[in-house]
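Here's the structure we're looking at; comments come further down.
The structure displayed is predicted, hence computed values, not measured ones.
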Amino acid sequence: MSTNITNEPAIEQLLIKQYSIIENTDRRDILILHHAGIVRRIHGKKVIHVSDVSIRYVYFLQKGLMKISNINDKGEEVIKYFIKPGAVFGELNLLDNEESHHEIAVAMENCEVYFIPVENVKELMITNNSLRKSIHHYISKRIKRMEERMFSLMLKDVKERILDFLKEFVSEFGYPVNGGYQAKNFLTHEDIAKITTTSRQSVTTTLVHFKKMGWIDYDSQNLSVFNFQDK
């Protein structure tokens, strides 16, 4: 079910607070974006086919956690990254990038997502130089981060790749605890295997080893990583 938000001052402040991508955008353009879009509640495990729709959107995640993936030529899922509230996805739709044609977003829990048609965003990018630069910077930063991760995957062994990912995950999605960081554990061993290009069996074996060494702790609710110095 879709709902429109009608409290304009509230949505203006929400958008500015949550989305740094529009922090330098004036009030008029923020409200244009608001009126152009709709909020959809996405239930956990539901898939959004980011570009496989008659109208393309740029998506703003308001609540919940999502996994962004590509489907390769073999029909296999390749996880690109995870996102939390305040993140934007589907931004490659603005570039008409072929890669985005097979991009999917999976709700890891119940989410609220703001759908804004690409054409509305493009129109504002023409007249709003600050918004245009911010979006280009956002896209470049995300691409650079993914390139750095791919380069790291080529240079490091399985244990290093898994530990680096766990550190990145808990520091981004969690909060400090004594000796490290802790985050809600919504990851499966299969997810970790896909994003670190390893096997699920290797992930299971490695996590057991890390836990035995006292480097991590986890259960079905939480994941903790301790002592962030190199292991």
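- Between F226 and F210, the distance from one ring center to the other does not fall under 6.0 angstrom.
- Side chain of R161 to backbone of K156: a donor-acceptor contact under 3.5 angstrom is found.
- In this structure a side-chain-to-backbone donor-acceptor pair under 3.5 Å is missing from S134 to S130.
- When N222, L223, V225 are each tested for a side-chain contact (heavy atoms from CB on, under 4.5 Å) with Q182, only one passes: N222.
- Judged by distance alone, the side chain of N70 and the main-chain N or O of V78 form no donor-acceptor pair under 3.5 Å.
- Residues F186 and D191 are not in side-chain contact: their nearest non-hydrogen atoms beyond the backbone lie 4.5 Å or more apart.
- Judged purely by atom type and a 3.5 angstrom limit, N110 has no side-chain atom pairing as donor or acceptor with the backbone of R41.
- The distance between the ring centers of Y59 and F115 falls below 6.0 angstrom.
- Using a 4.5 Å cut-off on side-chain heavy atoms (C-beta onward), V50 and L92 make no contact.
- L155 is not connected to V158 by any chain of hydrophobic side-chain contacts under 4.5 Å among Ile, Leu, Val, Met, Phe, Trp and Tyr, and they are in different clusters.
- There is a side-chain donor-acceptor pair under 3.5 Å between Y81 and R142.
- For the atom pair D217 CG and N185 CG, the distance stands at 10.5 Å (nearest 0.5 Å).
- Although no hydrogens or angles enter the test, the distance criterion places no donor-acceptor pair under 3.5 Å between the side chain of E123 and the main chain of N120.
- Within the structure, the salt bridge (Lys or Arg N to Asp or Glu O under 4.0 Å) test picks out no pair touching residues 126-138 (sequence neighbours left out).
- Under the 4.5 Å side-chain contact rule for hydrophobic residues, M154 and I79 do not share a cluster.
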